[in-house]
Amino acid sequence: MGEYLLRCPRCGSLQPPSALGCANDDSLLRTEYVARRLTLRDDLPGLWKFFDWLPVKEPLRGVGEKPVTFRSEGLARELGLSRLYISFSGYWPERGARMATCSFKDLEAPPTVERLMERKDGQALVVASAGNTARAFAQAASAAGVPLVLVVPSSGKSRLWTTVPPSESICVVSVTGDYTEAIDLAGRLAGEAGFVGEGGARNVARRDGMGVVVLDAALAMGALPDHYFQAVGSGTGGIAAWEASLRLIGDGRFGSSLPRLHIAQNSPCAPLYAAWTGSAAPQGPCPGGMYDEVLYNRKPPYAVPGGVRDALEETAGTVCSISNGEASVAHQLFEEAEEIDILPAAAVAVAALQRAAASGSVEKKDLILLNITGGGVSRAKEELDMFMLRSDIEAEPSAHTSASEYGLLAEIEEILGRRGPR
Ligand SMILES: *Cc1c(COP(=O)(O)O)cnc(C)c1O
């Protein structure tokens, strides 16, 4: 039942259960679950059915839907593929998908919040995002009553909504400036006593939560796919897919070959593509002008042991870079073929698959998994309640001022303390 060890993939040493890194090197630690065979927990809802392979001691009640996997007809026909499966993370009740904030960040946030609560040290979680990550964490923290500080660039405030009333223990700090300033400020805040960062790719709860996509798909397909397609920013979802596949191979019932990872970025803001192909690093005002800004990450975990490069090398993977024009064509193609709206990021993955099908790098009869990482926002807005999060503090940080110095810390603590965590 979620029992695990944390091991360093490079030096093999065991690390303490809440560690975010190895004491000897900079690798991404990996969970090693006691259960080698995946037993679905049908008594638990949503993603908690995969409890055996999630690094938590309890499910978090009230949050944690799972994606759905289905065999495509419409898109498969358009692309001339006969065994295309789609994993859909979002809101599409007709197919049984009820992920309320409409992206696969809804797989990362609940296990991360639960794992933090299990430490019982009452720290406030700090998250920098104005998009899918912010919504997912706001939703999970509201279900758990966990104190959460969301640091958002002021331009992104309108994208902050939840489908449950946001809990009193969320403090929204909106930062004048761009996403980079929000990340920097969140990093400084997370270093203060009483605050903790969510850990990004280093947090196994985030990666194993995202791994549910491949677990759910393998159960639906009866085997591991030959190919896995996903649009990436940090590439964490790709790493998670690789790790989940390794675990499924260990289980023994799903085949013995790793799926080829096909990860897609959005040109020209495509640092992982640049690193993998050795081409020039992105220039210009990234993420400005991107088809979806969620696909840009300044410091993706590329070269660290257990990171994106290792995942690509071990799976004979590919990285492509998709233009806004290609994404837009693929976006329309998908929505017409499958009759559901998808997030722009997911359209980039569709474009990558479209390219691969056209070039013959996947074959008609290959077993293919396309990860639609977000969608159904229009459906959700029709059917669900929407609550906007308002900003509690407007901050104008300068890069060299520590969070405590300009009084921000005291203000946040007052807001969280005044409202109380529970
Ligand atoms: C975060 C996100 C991605 C990229 O995820 P990685 O962390 O790079 O794997 C893709 N699509 C959507 C909708 C996202 O929210």
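Indexing begins at 1, ligand by ligand and atom by atom, following the structure's order. None of the values given here were measured: they were computed from a predicted structure.
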Inset, instruction - Provide, to 0.1 Å, the distance between atom 9 (O) of ligand 1 and the closest protein heavy atom, together with that atom's residue and name. - result: G237 N, 2.6 Å

Inset, instruction - Answer with side chain, backbone, both or neither: which part of V232 has a heavy atom less than 4.0 angstrom from an atom of ligand 1? - result: both

Legend entry - Thiol sulfurs of C22 and C8 closer than 2.5 Å: no

Inset, instruction - Using distance alone, decide if ligand 1 has a nitrogen or oxygen within less than 3.5 Å of any nitrogen or oxygen in A346. - result: no

Legend entry - Heavy atom of the protein closest to atom 7 (O) of ligand 1 (residue, atom name, distance): S234 OG, 2.8 Å

Inset, instruction - Provide the number and element of each atom of ligand 1 under 4.0 Å from a heavy atom of N132. - result: 13 (C), 14 (C), 15 (O)

Legend entry - G235 N/O to ligand 1 N/O under 3.5 Å: yes

Inset, instruction - Give a yes/no verdict on a cation-pi contact between R95 and F88, requiring under 6.0 Å between NZ or CZ and the six-membered ring centre and an angle within 45° of the axis. - result: no

Inset, instruction - Looking only at protein heavy atoms, identify the closest one to atom 8 (O) of ligand 1 and say how far it is in Å. - result: G233 N, 2.6 Å

Inset, instruction - For the pair F229 and H227, name the ring-plane relationship: parallel under 30°, tilted 30 to 60°, perpendicular over 60°. - result: tilted

Legend entry - R135 charged N/C atom sitting above W161 aromatic ring, 6.0 Å / 45°: yes

I'd like a table of donor-acceptor pairs (distance under 3.5 Å, sequence neighbours excluded) in which one partner is a side-chain atom from residues 199-215, with atom names and distances.
| unit_1 | atom_1 | unit_2 | atom_2 | d |
| --- | --- | --- | --- | --- |
| R202 | NH1 | S27 | O | 3.0 |
| R202 | NH2 | D26 | O | 2.8 |
| N203 | OD1 | R115 | NH1 | 2.9 |
| N203 | OD1 | A205 | N | 2.9 |
| N203 | ND2 | E198 | O | 2.9 |
| R206 | NE | E108 | OE1 | 2.5 |
| R206 | NH1 | E198 | OE1 | 2.4 |
| R206 | NH1 | E198 | OE2 | 3.2 |
| R206 | NH2 | E108 | OE1 | 2.9 |
| R207 | NE | E243 | OE1 | 2.9 |
| R207 | NE | E243 | OE2 | 3.3 |
| R207 | NH1 | A201 | O | 2.7 |
| R207 | NH2 | L29 | O | 2.5 |
| R207 | NH2 | E243 | OE2 | 2.9 |
| D208 | OD1 | R247 | NH1 | 3.4 |
| D208 | OD2 | T31 | OG1 | 2.5 |
| D208 | OD2 | Y33 | OH | 2.5 |

Inset, instruction - Mind checking whether T373 contacts ligand 1 via backbone (N, CA, C, O), side chain (CB onward), both or neither, at a 4.0 Å heavy-atom cut-off? - result: both

Can I get a per-line list of side-chain donor-acceptor pairs under 3.5 Å for residues 232-242, giving both atom names and the distance, sequence neighbours left out?
| unit_1 | atom_1 | unit_2 | atom_2 | d |
| --- | --- | --- | --- | --- |
| S234 | OG | T236 | N | 3.1 |
| S234 | OG | T236 | OG1 | 2.5 |

Inset, instruction - Return the residue, atom name and 0.1 Å-rounded distance of the protein heavy atom closest to atom 14 (C) of ligand 1. - result: K105 NZ, 2.8 Å

Inset, instruction - For the pair D392 and R390, find out whether any cationic side-chain nitrogen is under 4.0 Å from an anionic carboxylate oxygen. - result: yes

